[in-house]
Amino acid sequence: MNTIRMPALYIPHGGGPSFFMHGERKQRYQDTEDFLSGVRGLLPATPKAILIVTAHWETDIPSFTGGAHPELIYDYYGFPPETYQLQYPAYGEPALAAQAANLLHMAGFLANVEPNYGWDHGVFIPLKVMFPKADIPVVAMSLHTSLDAKLHCKLGQAINSLRDEGVLIVGSGMSFHNLRYFNEGGPASQAFHQWLDHALAGDWSERTDRLSKWEMAPGGRASHPREEHLIPLMVASGAGGNSPARKLWGGMVGPTHLASWAFD
């Protein structure tokens with residue numbers, strides 16, 4: 001039986017647990033939630049497993065969650081009590097974690113498997129919307145503490161072959177992430193997203209070169225005072241092939257632009 005090759009995705013994971021709240025906070029992220037809830041239908045098949053790169057885990061050595069039943073990490077603050085009771089009982093996939101780490105080793109990178117580390121909200125919040133049945137095994141991947149764009153493109157390239165085995169690679173971040181400027185971020189986010197659409201409209205080498213210069217992009221630093229929510233895009237692009245990115249979605253949170261892309 002042939003396995004269908006999965007794309008790599010970059011998605012917005014929303015604002016904390018907002019998808020599972022009520023009132024204005026949920027309404028603000030409703031378009032984002034509606035997009036995420038339809039992602040499964042955009043895939044060529046049901047993934048055999050998900051490897052999700054989270055903006056909320058940084059390590060000195062790229063690492064993968066290796067537990068069979070990772071606990072959830074409620075790494076958001078000041079939200080209603082019920083949001084700390086959310087569950088996502090998907091299985092981990094220790095064999096996939098080991099395989100991904102080995103692929104990095106083979107490409108000349110250090111890598112760790114962390115059997116006791118859990119899933120932060122950059123993992124379980126978007127997956128709970130995208131795959132609410134929690135019926136697909138999950139491995140989370142950290143960012144390298146350098147937050148170096150080109151390095152993360154190369155890390156993505158090293159794990160590209162997992163896509164041929166039915167693994168969906170997901171970069172989980174936010175294409176605009178300036179919390180102090182979110183309500184006034186329209187102009188900067190629009191300029192930066194126009195630049196991103198151009199930067200991603202090339203082959204692997206062109207994308208890598210352009211993404212490595214993201215700080216010089218119009219609206220770049222205004223959109224990302226610290227780039228941890230952008231760097232999962234580099235891993236997703238790196239795991240893609242030579243076809244230009246496909247824009248899956250563009251939406252708004254108030255006046256601020258967000259987007260998602262697929263890499264085939």
Worksheet item: Checking side-chain contact (heavy atoms from CB on, under 4.5 Å) for the pair M6/K48: CA distance, chi angles, key distance, verdict?
Response: CA-CA 9 Å; M6 286 289 116; K48 290 188 174 180; over 6 Å; no
Quick one: does any side-chain atom of [X] pair with a main-chain N or O of [Y] as donor and acceptor, under 3.5 Å?
| X | Y | value |
| --- | --- | --- |
| D60 | T145 | no |
| S237 | M234 | no |
| N242 | W204 | yes |
| T3 | G166 | no |
| S260 | W249 | no |
| S212 | K150 | no |
| N178 | A222 | yes |
| H144 | T59 | no |
| R163 | I169 | no |
| E206 | D203 | yes |

Of the non-hydrogen atoms in [X] and [Y], which two are nearest, and what is the gap between them?
| X | Y | value |
| --- | --- | --- |
| T65 | A97 | O-CB, 3.4 Å |
| L86 | Y74 | O-OH, 2.5 Å |
| P7 | P44 | CD-CD, 3.9 Å |
| A188 | S223 | O-OG, 3.7 Å |
| P70 | G118 | CB-CA, 4.1 Å |
| A8 | A236 | CB-O, 3.5 Å |

Check for me, please, whether [X] and [Y] land in the same ILVMFWY cluster - side-chain distances under 4.5 Å, paths through other members count.
| X | Y | answer |
| --- | --- | --- |
| V39 | F124 | yes |
| L143 | Y10 | yes |
| L162 | L104 | yes |
| Y88 | V139 | no |
| V129 | V253 | yes |

In Å and rounded to the nearest 0.5 Å, what is the [atom1] to [atom2] distance from [X] to [Y]?
| X | Y | atom1 | atom2 | result |
| --- | --- | --- | --- | --- |
| L200 | L211 | CG | CG | 5.5 Å |
| L248 | I11 | CG | CD1 | 10.5 Å |
| Q99 | S161 | CD | OG | 6.5 Å |
| L168 | I52 | CG | CD1 | 8.5 Å |
| C153 | D148 | SG | CG | 9.0 Å |
| L9 | L36 | CG | CG | 10.0 Å |

With a 4.5 Å limit on heavy-atom distance, are the side chains of [X] and [Y] in contact?
| X | Y | value |
| --- | --- | --- |
| R246 | W261 | no |
| L96 | P137 | no |
| V123 | S172 | no |
| L233 | L196 | yes |
| P17 | H121 | no |
| I159 | M141 | yes |
| S189 | P255 | no |

Worksheet item: L230 and H177: side-chain contact (heavy atoms from CB on, under 4.5 Å), yes or no, with the steps?
Response: CA-CA 8 Å; L230 182 64; H177 194 258; over 6 Å; no
Worksheet item: Taking the six-membered ring of F20, is the NZ or CZ of K128 close enough (under 6.0 Å from the centre) and on axis enough (within 45°)?
Response: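 Positive - K128 is close enough to the ring of F20 and near enough to its axis.
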Discussion item. Can you tell me which residue among Y117, F64, W119 is in a ring pair (Phe, Tyr, Trp, His ring centres under 6.0 Å) with W57?
Written reply: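 Going through Y117, F64, W119 one by one, the ring pair (Phe, Tyr, Trp, His ring centres under 6.0 Å) with W57 is satisfied by Y117 alone.
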Worksheet item: Would I125 and H13 count as a side-chain contact (heavy atoms from CB on, under 4.5 Å) if you check the C-alpha gap in whole Å, the side-chain angles of each, and the deciding distance to 0.1 Å?
Response: CA-CA 7 Å; I125 289 292; H13 62 56; 5.6 Å; no
Are more than 12 heavy atoms from other residues, nucleotides or ligands located less than 6.0 Å from atom [atom1] of [X]?
| X | atom1 | answer |
| --- | --- | --- |
| M252 | CE | yes |
| K154 | NZ | no |
| H198 | NE2 | no |

Fill in: Close aromatic pair by centroid cut-off 6.0 Å: H224 and F192
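H224 vs F192: aromatic centres under 6.0 Å.
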Practice prompt. May I ask you to check whether Y84 and Y76 place their ring centres under 6.0 Å from each other?
Written response: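 When the ring centroids of Y76 and Y84 are compared, they turn out to be within the sub-6.0 Å range.
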Practice prompt. Please assess Q190 against W195 for the test side-chain contact (heavy atoms from CB on, under 4.5 Å), listing each intermediate value before the final yes or no.
Written response: CA-CA 9 Å; Q190 182 177 21; W195 181 87; over 6 Å; no
Worksheet item: Which pairs with one or both residues in residues 20-30 pass side chain to side chain donor-acceptor pair (under 3.5 Å), sequence neighbours excluded?
Response: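 Side chain to side chain donor-acceptor pair (under 3.5 Å) check on residues 20-30 returns S18-R25, E24-R28, K26-E33, Q30-D34.
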Item to complete: Could you check whether the rings of Y181 and F176 sit parallel, tilted or perpendicular, using 30° and 60° as the cut-offs?
Response: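 If you compare the ring of Y181 with that of F176, the planes turn out tilted.
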Worksheet item: Just checking, is any N or O donor in the side chain of S243 or D264 under 3.5 Å from an acceptor N or O on the other one?
Response: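 There is no such pair (donor and acceptor under 3.5 Å, judged by atom type) between the side chains of S243 and D264.
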Practice prompt. Taking side chain to side chain contact (heavy atoms under 4.5 Å, CB included) as the test, write out the residues that go with R40, two or more places apart.
Written response: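 Side chain to side chain contact (heavy atoms under 4.5 Å, CB included) check on R40 returns T46, F131, D135, I136.
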